[in-house]
Amino acid sequence: MTDATRQRSEHARRDAAKAISAAQRSGNRTSFAAMARAAGVSRSWLYTQQDLVTAIRRLQDRQPTNERTGPQPASVASIQRRLEAALSRIKQLRAENSEPFPTCHRC
């Protein structure tokens, strides 16, 4: 039974190392969940393997993220366009408000 356990552990480590290597070659953003899925192991097991945890964290640290992970601040150009649109609308409304009311012939 001990041999079977050791073999499963060795296979899991080998598969996890292959998944990490593939992620390094692809350059894609990775996560512990993605690595566990690719290796066919649980995240909890993966977190118990300190050398693999270190390798994944190094991989994460060197990879810039292309994904939006939350709200992003608006760019200066975007804010400028919104301001110009708002000022234009204000100008239009002021012009409408300064026009005399049409006379009502029924009143």
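Below, all heavy atoms of this structure are taken into account, side chains as well, without hydrogens, waters or symmetry copies. Source: prediction; values computed, not measured.
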Side chain to side chain contact (heavy atoms under 4.5 Å, CB included) evaluation trace for D61 with R58: CA-CA 5 Å; D61 289 344; R58 279 190 197 133; 5.6 Å; no
side-chain contact (heavy atoms from CB on, under 4.5 Å) partners of A77, counting only residues at least two apart: S75, R81
E84: partners by side chain to side chain donor-acceptor pair (under 3.5 Å), with sequence neighbours left out: Q80
Partner set under side chain to side chain donor-acceptor pair (under 3.5 Å) for S42, not counting sequence neighbours: S44
For the student: nearest non-hydrogen atoms of A23 and L59, plus distance: CB-CD2, 3.5 Å
For S31 against Q60, the heavy-atom pair lying closest together: CA-NE2, 3.5 Å
Which residues share a salt bridge (charged side-chain N to carboxylate O under 4.0 Å, His left out) with E10, sequence neighbours left out: R6
Residues forming a side-chain contact (heavy atoms from CB on, under 4.5 Å) with A17, sequence neighbours excluded: none
S78 side chain vs A74 backbone, donor-acceptor pair below 3.5 Å: no
Contacts of A38 that satisfy side-chain contact (heavy atoms from CB on, under 4.5 Å) - sequence neighbours left out: A19
Within residues 30-56 or reaching into it, pairs that qualify as salt bridge (charged side-chain N to carboxylate O under 4.0 Å, His left out) - sequence neighbours excluded: R13-D51
R14: partners by side chain to side chain donor-acceptor pair (under 3.5 Å), with sequence neighbours left out: H11
Whichever hydrophobic residues join L52 through chains of side-chain contacts under 4.5 Å: I20, F32, M35, V41, W45, L46, Y47, V53, I56
When the side chains of residues 89-101 are checked against the rest of the protein, which donor-acceptor pairs come out under 3.5 Å, sequence neighbours left out?
residue	atom	partner	partner atom	Å
R89	NH1	Q92	OE1	3.0
N97	ND2	L93	O	3.4
S98	OG	R94	O	3.4
S98	OG	A95	O	2.9

